[in-house]
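A short write-up of the structure that comes next.
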Amino acid sequence: MNVLNKLKPKLQSFRFHIALLILCMGIIPSFVIAHLFIYYFEQRSLSSEELAISSQAQLLSNQIVTSGYLQDNSVESVNTQLKALGNIYSGRIMVIDSKMKVVKDTYNMYDGRTIVWQNVIESASGAFRSYYDAQNHCVIVTVPITDPTDTSVIAGVLLVNKTTGSLEQNMEYYRSIGVIIGLISVILSTILALAFSRRYVTPIRKMAQSIEHMNQGLTHQELEVSGYTELQKVAEQFNAYADSMYKVDESRQEFVSNVSHELKTPLTSMKVLADSINSMGDGVPVELYQEFMNDITNEIDRETSIINDLLSLVRMDKSGANLNIAPVNLNELIELILKRLKPIAEKQEVELVMESFRPVTVEIDEVKFSLAISNLIENGIKYNNPGGFVHVSLNADHRYCYIRVEDSGMGIPQESLDFIFDRFYRVDKSHSREIGGTGLGLAITKNAINMHHGEIKVSSVVGEGTTFDVRVPLNYIKPEENPS
Ligand code: ADP
């Protein structure tokens, strides 16, 4: 059992299968060919033997008829010939008449007896018959004895039994040649099987080794794209996959370092503020004390909002599969969001305008989708100027709903447009920080829209304003139905 367990991986290996295939391809055909060769030789030798016997028997049969031997078996010349032939063939000759009675048996054992053997009966009807008795090492040929003047008259049958000693010796010789050919083919096939299986498996083995090194973190190098076309494809795909994993790992590391930095900043400020109060001793004026405490509270709020945003982001990252999808009246939802943001807009002296082109019902996760749209509108307010506006419009066709959030704010420089959806990216860090931005809002929005298989696009002109266009399918596409 233990040995079998140890052998199992070897027996299941690609190399073993290739070696086995080569062995089978080498050995089976050579055995078949050797066998066919021996069989062909045997048949050829037998048929030439039979031909020689039958032509000899034919001559004798003519003489038997013309000499009247069938009626009187004492004809000396025929008897001499029968004896001589028997000696040459190291066998036996029988002359049988048309009534199946043995007229002459050179072994003098069957004289006068009746022979009932299929081949003799058939030869009595004019057929030539031959039988190879491998067990007794002889070939038995029966030929009809015909009248030379009228070949349609069959007077009897001549049976010749010839010992096939020399034929068998030859057969033995050829059989041993066959065995030698078989053995040589086994040895050659084994050598070829070992050499080729090694050659075929080497690139796969090298590839596995490189992947193992990559897994152990010994190298970030790409897999070598060499060997067979199929393996090259595997290596290319693997490299692409490893590359994307590498990028994911890099962005994860970057994210962690950004998070640490962002979380540390409010803490550092709080420490500085607290240390300042402490160093001032007992005579700190109440106003100054209150101002510092206010600043500390602001920093705590900031830390809380970063943590809240991070939590939203993480929740979205891992809950792609468990969205709480339900049909939602989008007109009402956007109205509600605007109502909630109205106080902030009024504070900033920004006008909020909503325009609905039709009633829209869409299958979404209400909480996550509200967060996405709120972030866009809130940004429109935050990065705006007093007296400006944020215009939200809602439209739909038979497949999608379209939401546009347009503001008359400061705009985003062209070179920043590609990065605004990245985590912690802010165009103007100090300004964003001043107005309470975390740099996570748009990343959350994009995640939420993606989860609904939607799209978000941005266009902006610095000093004039920014427009975000969102498109989401009206009917939620379940992940397994979504081909992308
Ligand atoms: P934040 O919390 O800093 O607002 P966001 O991810 O929401 O983070 O936005 C990223 C950056 O994109 C912001 O810091 C800001 O510089 C820029 N931005 C986003 N929306 C607007 C907008 N409507 N107008 C101008 N700039 C914007």
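These numbers come from the heavy atoms of this one structure, side chains and all, not from hydrogens, waters or symmetry mates. Each ligand, and each atom within it, is numbered from 1 in the order the structure gives. Bear in mind that the values here come from a model prediction, so they are computed numbers and not experimental data. Numbers here simply count residues along the sequence, with the first being 1.
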Nearest-contact summary for [atom] - protein heavy atom, Å:
atom	value
atom 7 (O) of ligand 1	Asn379 ND2, 2.8 Å
atom 12 (O) of ligand 1	Ile420 CG2, 3.6 Å
atom 23 (N) of ligand 1	Asp407 OD2, 2.9 Å
atom 16 (O) of ligand 1	Val427 N, 3.1 Å
atom 3 (O) of ligand 1	Ser432 OG, 2.8 Å
atom 15 (C) of ligand 1	Tyr383 CZ, 3.5 Å

- Message: Could you work out, for atom 1 (P) of ligand 1, the closest of Gly411, Gly380, Ser416, Gly439 by heavy-atom distance?
- Response: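 Considering heavy atoms of Gly411, Gly380, Ser416, Gly439, the nearest to atom 1 (P) of ligand 1 sits in Gly439.
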Between [X] (side chain only) and [Y] (backbone N and O only), is there a donor and an acceptor less than 3.5 Å apart?
X	Y	answer
Asn384	Gly380	yes
His137	Asp133	no
His452	Val472	no
Ser185	Ile27	no
Asn395	Phe357	no

- Where's the contact between Tyr425 and ligand 1, heavy-atom distance under 4.0 Å: side chain, backbone, both or neither?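 Backbone only.
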- Message: Would Leu442 count as a polar contact of ligand 1, with the cut-off being nitrogen or oxygen pairs under 3.5 Å?
- Response: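 Yes.
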- Looking only at N/O atoms, are Arg426 and ligand 1 under 3.5 Å apart anywhere?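 Such a contact does not occur with ligand 1.
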- For Thr438, atoms of ligand 1 separated by under 4.0 Å from a heavy atom: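 Contacts of ligand 1 toward Thr438, numbered from 1: 1 (P), 2 (O), 3 (O).
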- Message: Suppose I only count heavy atoms of Ile412 and a 4.0 Å limit; which atoms of ligand 1 are within that range?
- Response: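 Those qualifying, in numeric order: 18 (N), 21 (C), 25 (C), 26 (N), 27 (C).
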- Message: Between ligand 1 and Glu378, can you find any atom pair, the residue atom being a heavy atom, that is separated by under 4.0 Å?
- Response: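 No heavy atom of Glu378 comes that close to ligand 1.
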- Task: Working to the nearest 0.5 Å, report the span between CE of Met451 and NZ of Lys446.
- Result: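 These two atoms lie 14.5 Å from each other.
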- Task: First locate atom CG of Asn324, then atom CD of Glu366, and finally report the distance between them rounded to the nearest 0.5 Å.
- Result: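 It comes to 9.5 Å.
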- Message: Would you say CE of Met25 has more than 12 non-hydrogen atoms from neighbouring residues, nucleotides or ligands within 6.0 angstrom?
- Response: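 At most 12 heavy atoms, drawn from other residues, nucleotides or ligands, come within 6.0 Å of this atom.
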- With sequence neighbours excluded, residues passing side chain to side chain contact (heavy atoms under 4.5 Å, CB included) with Ala34: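 If we apply the side chain to side chain contact (heavy atoms under 4.5 Å, CB included) test to Ala34, skipping adjacent residues, there are no hits.
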